[in-house]
Amino acid sequence: MEPPEDRDGRTFVEVMSEKYSPENFPYRRGPGMGVVVVPTAASQGSPMKDRLNLPSILVLNSCGISRAGDQAEIAAFCSHVMELDLSHNKLQDWHEISKIVSNIPNLAFLNLSSNPLAGMTLEPRCAEAFCRVRRLVLNNTQVSWDTVMLLAREIPELEELFLCLNEYSSVRASSVACPTLRLLHITDNSLQDWAEVRKFGSMFPSLDTLVMANNNLASIQDNKDILQRLFPNLRSINLHNSGLNRWEDIEKLNFFPKLEEVRLQGIPLLQTYTNAERRSLMIAHLPAISLLNGSAVSDSEREDAERFFIRYYLDYPEEELPYRFTSTRQLFGVVLVVVNTLHPLRYHSLVTKYGKLEPLAEIDLRPRCRAQVEVHCEEKVQQLNIRLDQTVAELKKQLTTVVQLSTNSMRLYYIDKCTAFGPEEMKYNTRALHSYSIQDGDEILVVPKTK
């Protein structure tokens, strides 16, 4: 059973006073280890001690916080605080959150993840309290999109916004852009239509990084002109576990003028390829990409991938080529839709670069397992198929029934028929046969030991 004072949650001031008291958080020298803060004045009956050892980064997650507490004490103790983690608490009133934030004048990072903010209304006057925040995390809060847009309008220098696990299936475009946002992290939502993603371009014109893994995005529907105009600064995109299933969508990534990093794993398009084929085909399709799925693409890897791409599609049956386009024409006043199949556009540009390459010769570099040899013993000659992974001792054992000699009564010699060298005695019982490079047609000479 929860203590009575915890039933409705605790105040920010109470938790801060307890966690960062000298007894629980002793002052030590060194960066980030704690700053002694003495309030200029404290109200009578305050839960605060005479001083707190507060670092500039406060981590108060999972503490049952639901209210702010005395604002004068927050202001007295938190003037130097720059980052605040309030995730996994019980905050559901934006007015209480604004009381905390408005009294931390240097706050640049705020994490409110997993607080129950679904359906909670944020008033514009409360939103003004967040104006100094640059990095805002609202994961798993089910905060409404209208609230997100209000915060984006009221935070003039917002740079990073995290909106994961909020069940968004659509977003509403804002008439006022947020020109400073560089990173939008909106994974694990329900965005399926590119028309929703398109809105991010007009809302966040300076967007550098778009992370939207685990959304079932079906395709990229815009043409080159629109993508260039809406996402002029996009450098990195993460589409892990999306629903993309056409190579046309991958080639459209080339239309983002500054894109250099792509993360694309777990999409239906790539399921039928091996890991090596996936990477090579992706690199060949995306000539400007320098990072793919977190790994750098070297010049030599790119050349190998592009050559592989040409050979991969060289003899593709027309009906199996991955690109199809439709065109229309009129015949006697009737509009006809013509379906055309062709090699990928990228294929033609790479053939121009490298020429139409011949298929690579298939060379089996695995060591031989067996060889057909002639066994000579005195006047006898017999063809024998021997395993090359066995030792000389094991071969002697195999030959006992062939030459009617015990293993201790025979000496073996290897004769390579392709060289002019004489027989090589196989002296060492533990030596493997493949180390002699035995080939089909070579000879094994068995000489009985003299008593």
Side-chain angles (χ1 to χ4, degrees), residues 82-87 91-102 104-191 193-213 215 217 229-238 256:
M82 301 179 67
E83 298 188 13
L84 177 59
D85 183 353
L86 290 173
S87 60
L91 292 162
Q92 56 182 342
D93 186 337
W94 281 107
H95 184 59
E96 291 297 319
I97 298 172
S98 69
K99 288 180 184 177
I100 298 171
V101 173
S102 62
I104 307 179
N106 293 302
L107 188 65
F109 171 84
L110 176 62
N111 186 355
L112 293 172
S113 295
S114 299
N115 279 279
L117 294 170
M120 298 297 111
T121 302
L122 173 62
E123 300 293 335
R125 60 185 178 84
C126 290
E128 294 173 1
F130 298 82
C131 63
R132 292 173 295 274
V133 174
R134 293 173 181 265
R135 298 156 59 208
L136 179 61
V137 186
L138 296 170
N139 297 337
N140 194 33
T141 56
Q142 279 68 56
V143 62
S144 72
W145 189 256
D146 287 343
T147 297
V148 171
M149 289 296 93
L150 175 57
L151 287 166
R153 288 197 300 271
E154 295 297 333
I155 304 178
E157 297 183 7
L158 183 64
E159 296 177 1
E160 299 180 4
L161 182 59
F162 295 77
L163 299 171
C164 310
L165 295 161
N166 283 332
E167 301 179 7
Y168 298 134
S169 59
S170 63
V171 297
R172 188 170 60 83
S174 173
S175 57
V176 180
C178 178
T180 57
L181 194 77
R182 295 183 298 102
L183 168 66
L184 177 61
H185 208 298
I186 193 164
T187 65
D188 294 280
N189 282 283
S190 302
L191 298 171
D193 193 334
W194 181 258
E196 305 303 320
V197 182
R198 181 189 301 130
K199 298 171 187 176
F200 299 148
S202 57
M203 286 188 284
F204 311 119
S206 298
L207 196 64
D208 170 276
T209 302
L210 176 58
V211 184
M212 49 180 305
N215 285 275
L217 183 68
R229 176 171 54 83
L230 288 180
F231 297 93
N233 298 295
L234 191 67
R235 185 195 57 81
S236 174
I237 191 168
N238 185 329
F256 296 102

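Just so you know, residue 1 is the first one in the sequence shown, and it goes up from there.
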Is there side-chain contact between N238 and T187, with at least one heavy-atom pair below 4.5 Å? no
Counting only N and O atoms by type, is there a donor-acceptor contact under 3.5 Å from the side chain of E159 to the main-chain atoms of R182? no
Return the minimal non-hydrogen interatomic distance between E167 and N189, and the atom names on each side. N-OD1, 2.9 Å
At what distance, to the nearest 0.5 angstrom, does SG of C178 lie from CE of M203? 10.0 Å
Using side-chain heavy atoms (C-beta onward) and a distance below 4.5 Å, is L107 in contact with M82? no
Please check: side-chain N/O of N115 versus main-chain N/O of L86, any donor-acceptor pairing under 3.5 Å? yes
How close do C126 and H95 get, heavy atom to heavy atom, and via which atoms? SG-ND1, 3.7 Å
Check: L158 and R134 side chains under 4.5 Å, non-hydrogen atoms: no
On a heavy-atom basis, which atom in Q92 and which in L117 lie closest, and how many Å separate them? CA-CD2, 3.8 Å
Min side-chain heavy-atom separation F109-V137 under 4.5 Å: yes
What distance do N139 atom CG and N166 atom CG have between them, rounded to the nearest 0.5 Å? 7.0 Å
Minimum heavy-atom separation for A127 to L150, with atom names? CB-CG, 3.9 Å
Output yes when a side-chain donor or acceptor of K199 lies under 3.5 Å from a complementary backbone atom of R172, and no otherwise. no
For R153 against S174, the heavy-atom pair lying closest together: NH1-OG, 4.0 Å
What's the separation between atom CZ in F204 and atom CG in L183, rounded to the nearest 0.5 Å? 11.0 Å
For residues N111 and S113, is any side-chain donor paired with an opposing acceptor at under 3.5 Å? yes
Would you call R125 and E128 a salt bridge, using N to O less than 4.0 angstrom? no
So, do H185 and M212 sit near enough that their side-chain heavy atoms are less than 4.5 Å apart? no
Would you call the rings of W145 and Y168 parallel, tilted or perpendicular, where under 30° means parallel and over 60° means perpendicular? perpendicular
Between I155 and C131 the two heavy atoms that sit nearest each other are CG2-O, 4.0 Å
Quick one about N140 and S114 (side-chain donor to acceptor, distance below 3.5 Å, no hydrogens or angles considered), yes or no? yes
Pairwise distance CZ(F256) to CG(L230) - rounded to 0.5 angstrom: 9.0 Å
Under 3.5 Å donor-acceptor, N215 side chain and L217 backbone: no
Are more than 12 heavy atoms, taken from residues, nucleotides or ligands other than M120, located less than 6.0 Å from that residue's CE atom? yes
With under 30° as parallel and over 60° as perpendicular, where do the rings of F231 and W194 fit, or are they tilted in between? tilted
L165 side, atom CG; I186 side, atom CD1 - distance, nearest 0.5 Å: 11.0 Å
May I ask you to test the L181-L161 pair for a side-chain heavy-atom distance under 4.5 Å? yes
If you define the side chain from C-beta out and look only at heavy atoms, does anything of L163 sit under 4.5 Å from V148? yes
Determine, step by step, whether S144 and D146 satisfy the side-chain hydrogen bond (donor to acceptor under 3.5 Å, both in side chains) criterion, reporting the C-alpha distance in whole Å, the side-chain angles of both residues, the deciding distance to 0.1 Å, and the verdict. CA-CA 5 Å; S144 72; D146 287 343; 5.4 Å; no
Is a side-chain donor or acceptor of R132 paired with a backbone partner of P105 at a separation under 3.5 angstrom? yes
Taking C-beta and beyond as the side chain, do D93 and L91 meet within less than 4.5 Å on heavy atoms? no
Between CZ of F200 and CG of L184, what distance do you get to the nearest 0.5 Å? 5.5 Å
Is a donor on one side and an acceptor on the other found under 3.5 Å between the side chain of T147 and the backbone of V143? no
Can L138 and L151 be said to form a side chain to side chain contact (heavy atoms under 4.5 Å, CB included), step by step? CA-CA 11 Å; L138 296 170; L151 287 166; 4.0 Å; yes
